Trainee: 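Sharing a structure with you now.
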Amino acid sequence: MTTSTGLSGRVALVTGAGRNIGAVIATELARRGAGVAVNYLKSAKGAHDVVRAIESAGGRAGAYQADVRDAEAVRDMLAAVDKDLGAVDTLVLNATGFEDVLRGPALSHTVEELEEEIAAQFRAAMVPAYALAPQMAERGGGNIVFISAVYPRRTMAGGLGHALAKVSVETAMKHLAVELGPHNVRVNTVIPDVTRSENFERAIKLEHVAAQLDSYIGAIPMRRIAEPEEVARAVAAIVSDDMSYVTGAFLPVAGGNLIF
């Protein structure tokens with residue numbers, strides 16, 4: 001991969017980076033010069049493959065297993081990253097905390113299932129954010145980026161489970177942006193629409209899902225889904241010094257399907 005130096009000297013932690021969008025984000029940040037901590041829970045092979053690819057291109061990276069919902073596990077991971085790569089100044093909150101999003105009609109889920117989904121995503125984002133934000137503030141700067149989804153803003157049948165899981169964290173990001181701004185810690189949210197991934201490739205093989213996706217994609221102004229590299233480049237851009245006055249922003253990577 002071609003290297004860039006736009007993030008040279010940075011140390012980034014990407015949660016849930018053993019596969020899909022997280023893996024591509026980690027690779028892109030490394031391509032731009034950051035040392036990257038590749039967090040994973042179960043995707044050990046994928047995480048180590050990402051690290052090997054980064055290192056083979058001349059970058060710095062390490063794979064770190066931790067359940068980011070667990071405060072003690074996060075503290076241990078951060079201590080290891082600090083020893084190996086240095087203090088984290090860029091945090092990408094990509095992990096969801098659950099195996100798969102709740103899909104289907106709202107009333108097909110129990111209240112308890114919805115509550116579990118909300119709690120999983122909330123902890124997966126807020127535990128790492130609360131572990132690192134005070135350190136960033138003390139050092140006088142940093143970046144936090146939450147990877148959200150279009151569902152909190154585009155109401156559609158079958159989207160309740162995904163929407164509820166993201167809403168509380170999006171709200172927290174706005175408040176953190178205000179409170180951490182005086183410390184030069186920027187907090188932003190990137191909002192991908194449907195993006196190519198392992199889950200997407202599996203879904204389009206199901207006839208009923210494929211038909212729904214065709215209809216959905218046909219309504220996107222750019223008439224296609226996002227590629228994970230496009231999401232990764234948005235993340236890399238928003239954490240760069242080129243956007244040093246941007247905080248509290250919500251950046252859609254949605255092909256015109258989410259226009260404020």
Side-chain angles (χ1 to χ4, degrees), residues 1-17 21-39 50-51 53-55 57-62 64 78 81-82 84-95 125 128-148 169-170 172-192 195 226-254 258 260:
M1 63 184 175
T2 304
T3 58
S4 169
T5 58
L7 299 178
S8 180
R10 297 278 195 92
V11 176
L13 167 61
V14 184
T15 66
I21 291 176
V24 181
I25 292 171
T27 302
E28 180 63 18
L29 296 180
R31 188 186 72 81
R32 298 190 185 214
V36 180
V38 178
N39 162 256
V50 171
V51 170
I54 290 171
E55 291 179 335
R60 295 191 309 137
Y64 301 88
L78 292 177
V81 173
D82 188 83
D84 297 342
L85 299 172
V88 173
D89 53 44
T90 301
L91 172 62
V92 181
L93 299 166
N94 176 69
Y130 267 58
L132 276 170
Q135 299 176 25
M136 292 179 180
E138 186 176 347
R139 291 194 300 269
N143 280 276
I144 298 171
V145 178
F146 175 52
I147 307 301
S148 189
V169 183
E170 285 197 5
M173 294 299 110
K174 290 188 285 189
H175 285 266
L176 287 175
V178 171
E179 296 191 19
L180 293 172
H183 304 285
N184 198 35
V185 178
R186 299 193 293 118
V187 184
N188 293 294
T189 299
V190 170
I191 309 172
T195 304
E227 298 297 332
E229 291 80 8
E230 292 173 311
V231 179
R233 288 194 292 270
V235 172
I238 209 165
V239 302
S240 74
D241 289 340
D242 290 339
M243 301 187 75
S244 57
Y245 200 53
V246 176
T247 193
F250 289 77
L251 176 59
V253 185
L258 193 63
F260 294 100

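Hydrogens, waters and symmetry mates are skipped; everything else that's a heavy atom, side chains included, is used. This one's a predicted model, so the numbers in the text were calculated from it and none came from an experiment.
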Trainee: Given side chains that start at C-beta, do those of Leu13 and Leu132 come closer than 4.5 Å, heavy atoms only?
Mentor: yes
Trainee: Could you note down all residue pairs passing side-chain hydrogen bond (donor to acceptor under 3.5 Å, both in side chains) where residues 233-243 supplies at least one of them, sequence neighbours left out?
Mentor: Arg10-Asp241
Trainee: How far apart are the closest heavy atoms of Val253 and Ala234, and which atoms are they?
Mentor: CG2-CB, 3.6 Å
Trainee: Can you check whether Met243's main-chain N or O pairs, donor with acceptor, with Arg186's side chain at less than 3.5 Å?
Mentor: yes
Trainee: Assess the residue pair Asn143 and Val187 against the criterion (side chain to side chain contact (heavy atoms under 4.5 Å, CB included)); give the C-alpha distance rounded to whole Å, side-chain angles, the decisive distance to 0.1 Å, and a yes or no.
Mentor: CA-CA 6 Å; Asn143 280 276; Val187 184; over 6 Å; no
Trainee: Are side-chain heavy atoms of Val11 and Arg60 found at a separation under 4.5 Å?
Mentor: yes
Trainee: Test side chain to side chain contact (heavy atoms under 4.5 Å, CB included) on Val88 and Asp82 and set out the steps.
Mentor: CA-CA 7 Å; Val88 173; Asp82 188 83; over 6 Å; no
Trainee: Under a 4.5 Å cut-off applied to non-hydrogen side-chain atoms, are Ile191 and Leu251 in contact?
Mentor: no
Trainee: For Gly142 and Met136, work out which heavy atoms get closest and say how close.
Mentor: CA-SD, 3.9 Å
Trainee: Between the side chains of Glu170 and Ser148, does any donor sit under 3.5 Å from an acceptor?
Mentor: yes
Trainee: What are the two closest non-hydrogen atoms of Glu55 and Ala61, and how far apart are they?
Mentor: OE2-O, 3.3 Å
Trainee: Rounded to the nearest 0.5 Å, how far does OG1 of Thr15 lie from OH of Tyr64?
Mentor: 15.0 Å
Trainee: Is a side-chain donor or acceptor of Glu28 paired with a backbone partner of Ile25 at a separation under 3.5 angstrom?
Mentor: no
Trainee: Could you give me the CA-CA distance, side-chain angles and deciding distance for Gln135 and Glu138, then say whether side chain to side chain contact (heavy atoms under 4.5 Å, CB included) is met?
Mentor: CA-CA 5 Å; Gln135 299 176 25; Glu138 186 176 347; 5.7 Å; no
Trainee: With sequence neighbours left out, what residues match Pro252 under side chain to side chain contact (heavy atoms under 4.5 Å, CB included)?
Mentor: Ala254, Leu258, Phe260
Trainee: For residues Val246 and Asn188, report the shortest heavy-atom separation together with the two atoms involved.
Mentor: O-ND2, 3.1 Å
Trainee: Within the side chain of Asn94, is there an N or O that forms a donor-acceptor pair under 3.5 Å with the backbone of Val14?
Mentor: no
Trainee: Which heavy atom of Gly9 sits nearest to which heavy atom of Asp89, and what is that distance?
Mentor: O-OD2, 4.2 Å
Trainee: Testing Val145, Thr189, Thr247 for side-chain contact (heavy atoms from CB on, under 4.5 Å) with Ile238, which one passes?
Mentor: Val145
Trainee: What heavy-atom pair brings Val38 and Ala17 nearest, and what distance separates the two atoms?
Mentor: CG1-O, 3.5 Å
Trainee: Not counting sequence neighbours, which residues clear side chain to side chain contact (heavy atoms under 4.5 Å, CB included) with Ala133? List them please.
Mentor: Ile144, Leu180
